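Notes follow once the structure below has been shown.
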Amino acid sequence: MLFYTKGIELTNTGTVNLNLSWELTYKDTLNDCRFELCNSGQCYNNLPLSGNMPVVNPGNIGFLKMHVFTGKTQGRNVVKYVLKNGASQIDTLT
């Protein structure tokens, strides 16, 4: 059962490519939950520690989305990813 979906979508309105990375900074999850993290169509099961988003060319859209699958109806999952451009933090996915 798909329980929850959250994401970041960005449009490159500049004139240079965006080379973005992401990093897991916090995790407090229920034991019986299953996760999927997708970045611009590349999807990973569970919660990877870090990775790179495919290059977002000028005028194109990139996204970082998290899907949580669970059979539990009570409890709380908290996961936080930071989206970065070089050393600069752009956004967070919580």
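Values in this document were obtained by computation on a predicted structure and should not be read as measured data. These values consider heavy atoms only, across backbone and side chains, with no hydrogens, waters or symmetry-generated copies.
Cluster membership check: V79 does not share its hydrophobic cluster with F63, using side-chain heavy-atom separations under 4.5 Å among Ile, Leu, Val, Met, Phe, Trp and Tyr.
T25 is linked by a side chain to side chain contact (heavy atoms under 4.5 Å, CB included) to E23, K80, V82, counting only residues two or more places apart in sequence or in another chain. For the side chain to side chain donor-acceptor pair (under 3.5 Å) test, residues two or more places apart in sequence or in another chain that qualify with Q42 are Y44. E36 pairs by the side chain to side chain donor-acceptor pair (under 3.5 Å) definition with H67, not counting sequence neighbours.
Residue pairs meeting the salt bridge (charged side-chain N to carboxylate O under 4.0 Å, His left out) criterion with at least one member in residues 45-64: none, sequence neighbours excluded. Evaluation of the salt bridge (charged side-chain N to carboxylate O under 4.0 Å, His left out) test over residues 42-60, restricted to residues two or more places apart or in two chains, returns none.
To the nearest 0.5 Å, atom NZ of residue K65 and atom CG of residue L93 are 11.0 Å apart. The distance from the CG atom of N60 to the CG atom of L10 is 10.5 Å, given to the nearest 0.5 Å. We find the CD1-CG distance between I90 and L18 to be 6.5 Å, quoted to the nearest 0.5 Å.
For the pair P58/N17, a side-chain contact is recorded, criterion being any heavy-atom separation below 4.5 Å from C-beta on. Contact check for T29 versus V68: no side-chain heavy atoms found under the 4.5 Å cut-off. Here the side chains of L37 and F35 are not in contact, with every heavy-atom distance at 4.5 Å or above. Counting heavy atoms from C-beta on, the side chains of L30 and N77 come closer than 4.5 Å.
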Side-chain donor/acceptor pairs under 3.5 Å, residues 46-56, sequence neighbours excluded:
none

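Here the side chain of D91 pairs no donor or acceptor atom with the backbone of L83 at under 3.5 angstrom.
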CA sep, side-chain torsions, deciding dist, call: Y81, I8, side chain to side chain contact (heavy atoms under 4.5 Å, CB included): CA-CA 10 Å; Y81 278 94; I8 298 169; over 6 Å; no
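L24 and Y26 make their closest contact through CD1-O, 3.5 Å (heavy atoms, listed as atom of the first residue, atom of the second, distance).
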